[in-house]
Asks: 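This structure is in structure tokens; I'll ask about it shortly.
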Amino acid sequence: MGFPLRAIMPLRRRKPMKNEQPKAGRPGETSQWPRWEGPAESRPSGYLQGEANIFAEGPEQEKQIGKGPDGYARPDDLIAQDVNEQLTQDAFLDPTNLTVSVENGEVRLEGYVAHLADKARAEDVVLDIQGVTACRNNLRIAPERH
């Protein structure tokens, strides 16, 4: 009197073989195409770019995320909140000596960082945030303490 094997072991989805074509799907379903999240120049053949829309029939059907209605501009307080959050979440940047201000979508960074690379990293983080039109990076390298 034993249990059927399927009752004990859950079914696992098998991974598609390298040259196997994916099953047909509808928009909104999870695609079975393999994804490559790294840089495009090092993407192996057969992998799609991470956000590619495989169901698009033309450029007019590409994703429209990040586009707002005509005349819309993100409020400065929301941009400042996102900047502070992203700087806080960055694992390689110490934002404790930074101050952020935003005016008309232009972000101003003030304060001190430990290295020149941190100054560039902070600016890159800011410029990746939706609604930022420019970044005035007034960060300075902190003097070394011995």
Side-chain angles (χ1 to χ4, degrees), residues 6 8-146:
R6 286 186 188 262
I8 298 172
M9 296 180 60
L11 294 176
R12 292 192 305 178
R13 279 196 139 142
R14 70 175 183 85
K15 294 182 179 177
M17 301 297 288
K18 181 179 179 182
N19 295 323
E20 182 180 3
Q21 292 297 317
K23 295 180 177 68
R26 295 184 305 253
E29 290 183 349
T30 303
S31 170
Q32 295 181 8
W33 285 103
R35 297 279 186 224
W36 179 257
E37 299 298 334
E41 59 271 6
S42 63
R43 183 175 66 237
S45 63
Y47 281 78
L48 295 174
Q49 193 169 358
E51 288 295 316
N53 181 357
I54 63 169
F55 300 106
E57 296 175 4
E60 69 279 355
Q61 290 183 344
E62 289 300 316
K63 291 188 178 190
Q64 304 296 320
I65 191 165
K67 295 181 180 179
D70 190 30
Y72 172 76
R74 275 189 90 199
D76 290 340
D77 57 337
L78 289 181
I79 294 172
Q81 185 177 357
D82 282 353
V83 168
N84 285 315
E85 185 66 29
Q86 291 302 317
L87 290 172
T88 302
Q89 295 299 321
D90 192 290
F92 301 103
L93 187 63
D94 179 11
T96 53
N97 296 320
L98 303 182
T99 57
V100 174
S101 60
V102 181
E103 187 175 329
N104 297 324
E106 183 176 309
V107 177
R108 180 183 302 248
L109 297 174
E110 303 278 348
Y112 291 93
V113 291
H115 306 286
L116 185 60
D118 294 341
K119 179 177 179 175
R121 185 172 186 89
E123 186 171 349
D124 289 343
V125 167
V126 168
L127 292 174
D128 283 342
I129 295 173
Q130 182 183 0
V132 173
T133 57
C135 178
R136 288 197 179 189
N137 192 342
N138 297 332
L139 296 175
R140 297 180 183 193
I141 309 304
E144 292 186 32
R145 296 185 182 186
H146 295 283

Asks: Which pair of heavy atoms, one from Gln86 and one from Val125, lies closest together, and at what distance?
Replies: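 Looks like CB-CG1, 3.6 Å.
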Asks: Nearest 0.5 Å, please: how far is CD1 in Ile129 from CD in Gln81?
Replies: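 Spacing of CD (Gln81) from CD1 (Ile129) equals 11.0 Å.
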Asks: To the nearest 0.5 Å, what is the distance between CG (Asp76) and CG (Leu78)?
Replies: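 Between atom CG of Asp76 and atom CG of Leu78 there are 9.0 Å.
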Asks: Given side chains that start at C-beta, do those of Asn137 and Lys119 come closer than 4.5 Å, heavy atoms only?
Replies: yes
Asks: Cut-off 3.5 Å, no hydrogens considered: what does the side-chain donor-acceptor table look like for residues 100-112, sequence neighbours left out?
Replies:
unit_1, atom_1, unit_2, atom_2, d
Glu106, OE2, Arg136, NE, 2.6
Glu110, OE2, Asn138, ND2, 3.0

Asks: Do you know the tightest heavy-atom contact between Leu127 and Cys135?
Replies: CD2-CB, 3.8 Å
Asks: Rounded to the nearest 0.5 Å, what separates atom CG in Leu139 from atom CG in Leu116?
Replies: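 Between atom CG of Leu139 and atom CG of Leu116 there are 10.5 Å.
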Asks: Working to the nearest 0.5 Å, report the span between CG of Leu98 and CG of Asn84.
Replies: 9.0 Å
Asks: Less than 4.5 Å apart, side chain to side chain, heavy atoms only: is that true for Arg121 and Val113?
Replies: no
Asks: Once rounded to the nearest 0.5 Å, what's the spacing between atom CG of Asp94 and atom NE2 of His115?
Replies: 10.0 Å
Asks: First locate atom CG of Asp124, then atom CG of Leu93, and finally report the distance between them rounded to the nearest 0.5 Å.
Replies: 10.5 Å
